[in-house]
Amino acid sequence: MLQWLREYRRAALPGDISAGIVVAMMMIPQGMAYALVAGLPPVVGIYASIFPPLLYALFGTSSTQSVGPMAIVSLMTASTLAPLATPGTGLYGVLAAQLALMSGLVLLACGLLRIGFLANFFSRPVMSGFTIGSAIVIAWGQLRTLVGGPIALDASPHWPSIALGFGSLALLVMAREWLAPLLRCLRVKPVVADIAAKLAPMFVVLGATALVPLLALDRLGVATTGAVPAGLPGLNLATSSGHWQALLQPALLIGFMVFLISMSGAQALALKRGGEKLVSNRELVGLGAANVGSALSGGFPVTGSISRSAVNFAAGANTQLASMITAGLLALALVAPTGWLALLPLPTLAATIIVAVLGMLDWSTLRTAWRYDRADALALLATAGGVLVLGVEAGVLVGVALSMGALIWRASRPHIAVLGRIHGTEHFRNVDRYSAETTPGLLMLRVDAGLFFGNVDAVNERIDEELVQHAGTAHLVLVLSAVNAIDTSALFGLGELNASLRQRGVTLHLAEVKGPVMDRLRDSDLLGQLSGQVFLSAANAWDRLAGSSAAGRPQPAA
């Protein structure tokens with residue numbers, strides 16, 4: 001804990017201060033907008049941005065991670081709580097904090113028990129599909145707020161809301177696409193230009209807020225955030241005893257998503273910082289503590305934001321002190337008069353959400369997966385479609401199930417290559433890919449996967465097929481250079497194969513068995529029952545068996 005503070009250098013202070021100010025300015029409209037996505041009052045987004053980064057700074061290992069509300073986690077919160085309570089009610093707020101508490105405890109338990117590896121079951125395509133589906137759901141859900149009324153052909157348009165919402169949308173899109181390049185053309189430093197572009201939502205929100213009293217937009221029916229209570233959040237210990245079981249599964253899923261999203265951004269920034277070392281189990285503890293802190297201050301589940309963390313890094317953050325400064329400034333914003341926050345127009349906040357989440361639509365992963373592995377591409381599309389049709393949790397579970405199914409399918413059908421010797425060398429390669437020589441009576445097969453209960457029968461079937469194609473084989477050599485493990489079922493399978501081959505007059509040999517695998521085999525009966533030998537290398541097996549009377553002389557491959 002706080003190792004970064006013990007090693008702190010004064011030279012890092014200016015960068016931390018500037019980054020803390022910049023992210024605080026960005027966090028006010030963003031936090032309030034993401035609270036709306038979660039179905040909570042806007043001020044709750046600021047509550048969830050104060051204590052979580054302070055607690056993460058105590059335990060986390062990323063110097064530039066910005067912890068707080070995020071669009072995807074806010075959507076997951078809303079989808080979890082909507083069937084249980086009405087948004088805006090006291091029970092809904094209690095359940096949001098309770099969900100953050102349970103997610104935080106899940107993360108803490110994973111960190112303390114060092115089981116963060118479970119999060120690896122979410123593949124990159126599944127994460128991408130989840131992000132795409134969530135972004136579309138969030139953007140669609142904000143259209144009603146953007147136009148100030150229902151989306152229907154027979155609905156009367158509310159022109160003041162439409163004008164303000166689409167005007168804000170246009171400004172945000174233009175700022176996102178062209179502000180930074182324009183400032184660079186004006187010879188503004190690239191870092192300053194990028195930060196200015198990131199802060200564009202704040203300036204748009206401030207401008208729209210100023211228009212509300214100037215044009216009396218609130219009297220014309222434009223919805224605003226309403227009164228925002230001043231002062232820091234109090235200690236929240238309220239829970240609902242009847243909802244623990246209903247929140248358990250969503251809390252598990254949100255906890256894993258929090259970790260994955262946070263680690264994704266933190267790892268990318270760690271590389272930019274010259275290989276900063278991240279400790280995954282301490283990250284779990286830090287994120288868990290952050291969510292517990294959010295729950296105790298009346299917030300909702302939080303995570304490390306990829307976009308905010310990038311701004312934090314670009315603004316000069318050197319240590320976790322930058323996030324602590326951000327939290328302090330947000331606390332001051334609540335202590336100061338908050339009357340101006342009541343005038344924030346909801347159509348503009350909806351526009352900031354739409355632009356932010358649509359910027360998360362990254363189709364490059366789908367294009368790559370479609371060219372490289374159609375199974376992963378289908379898992380991505382299924383996840384996105386599942387989120388859109390079935391909901392957030394069900395969509396993710398569909399994607400994970402498909403990814404795991406594809407993994408099991410591949411593992412159950414390992415690649416097996418017929419090997420031959422490259423002429424004049426001791427190298428052995430797949431005869432389908434190289435011009436390699438073989439010899440009658442000797443069949444060498446390389447198994448390119450670990451042997452376990454799920455694939456041993458398929459391996460034995462493939463061996464039988466190769467023996468049919470190579471009639472007259474007297475010696476079968478299994479080259480196990482790619483086999484990292486052999487479980488009990490596979491051990492029995494190899495024993496049955498050895499017995500079957502013995503009855504058919506074929507001698508079974510093993511070659512290039514890895515040390516850990518050989519250690520396990522020595523504790524079994526297989527080596528004692530093996531009809532052939534165990535060779536150190538494929539070349540040794542070739543030299544011994546190719547010259548035997550049963551094998552004959554080497555022949556060029558067809």
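Remember, predicted model here, so these are calculated numbers, not experimental data.
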Under a 4.5 Å cut-off applied to non-hydrogen side-chain atoms, are [X] and [Y] in contact?
X	Y	result
Pro213	Leu343	yes
Val137	Leu75	yes
Val188	Leu182	no
Pro69	Ser49	yes
Ile254	Val73	yes
Thr352	Val204	no
Val106	Phe256	no
Val228	Pro42	no

Hey, what do you get for [atom1] ([X]) to [atom2] ([Y]), rounding to the nearest 0.5 Å?
X	Y	atom1	atom2	answer
Ser74	Ile138	OG	CD1	7.5 Å
Leu91	Leu84	CG	CG	8.0 Å
Thr348	Leu164	OG1	CG	3.5 Å
Trp370	Leu381	CH2	CG	6.5 Å
Ile28	Leu334	CD1	CG	8.0 Å
Ile353	Leu169	CD1	CG	12.0 Å

[Y] backbone acceptor or donor facing [X] side chain under 3.5 Å:
X	Y	result
Ser161	Val147	no
His243	Leu99	no
Ser63	Thr319	no
Asn281	Val279	no
Thr77	Ala38	no
Thr225	Leu341	yes
Gln98	Ser240	yes
Ser79	Met76	yes
Glu283	Leu278	no
Trp244	Met102	no

Looking only at heavy atoms, which two atoms of [X] and [Y] are closest? And how far apart?
X	Y	result
Ser294	Phe300	OG-O, 2.7 Å
Tyr92	Leu40	CD2-CD2, 3.6 Å
Ala19	Ala317	CB-N, 3.5 Å
Gly304	Leu287	N-CD2, 4.3 Å
Ser323	Gln65	OG-O, 3.2 Å
Ala11	Pro14	O-CD, 3.5 Å

Side chains of Thr303 and Ser262, donor plus acceptor under 3.5 Å: yes
For the residue pair Asn236 and Tyr47, confirm or rule out a side-chain donor-acceptor distance under 3.5 Å. no
Check step by step if side-chain contact (heavy atoms from CB on, under 4.5 Å) holds for Leu344 and Thr224. CA-CA 5 Å; Leu344 288 175; Thr224 61; 6.0 Å; no
Sort out for me which residue in Thr326, Ile17, Leu13 forms a side chain to side chain contact (heavy atoms under 4.5 Å, CB included) with Leu321.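 Result for side chain to side chain contact (heavy atoms under 4.5 Å, CB included) with Leu321: Leu13.
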Go through the structure and list residues passing salt bridge (Lys or Arg N to Asp or Glu O under 4.0 Å) with Asp218, not counting sequence neighbours. none
Taking only residues two or more places apart in sequence or in another chain, which ones pass salt bridge (Lys or Arg N to Asp or Glu O under 4.0 Å) with Arg367?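 Arg367 satisfies salt bridge (Lys or Arg N to Asp or Glu O under 4.0 Å) with no residue once adjacent residues are dropped.
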Apply side-chain contact (heavy atoms from CB on, under 4.5 Å) to residues Val398 and Leu402 and explain how you reach the verdict. CA-CA 6 Å; Val398 167; Leu402 286 175; 4.1 Å; yes
Passes side-chain contact (heavy atoms from CB on, under 4.5 Å), Phe259 versus Ser280? Steps please. CA-CA 9 Å; Phe259 177 59; Ser280 60; 4.1 Å; yes
Kindly determine whether Leu206 and Trp340 satisfy side-chain contact (heavy atoms from CB on, under 4.5 Å), including the steps that lead there. CA-CA 10 Å; Leu206 291 177; Trp340 67 277; 3.9 Å; yes
What pairs meet the salt bridge (charged side-chain N to carboxylate O under 4.0 Å, His left out) rule with one or both residues in residues 185-194, with sequence neighbours excluded?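 Listed once each, the pairs are Arg184-Asp194.
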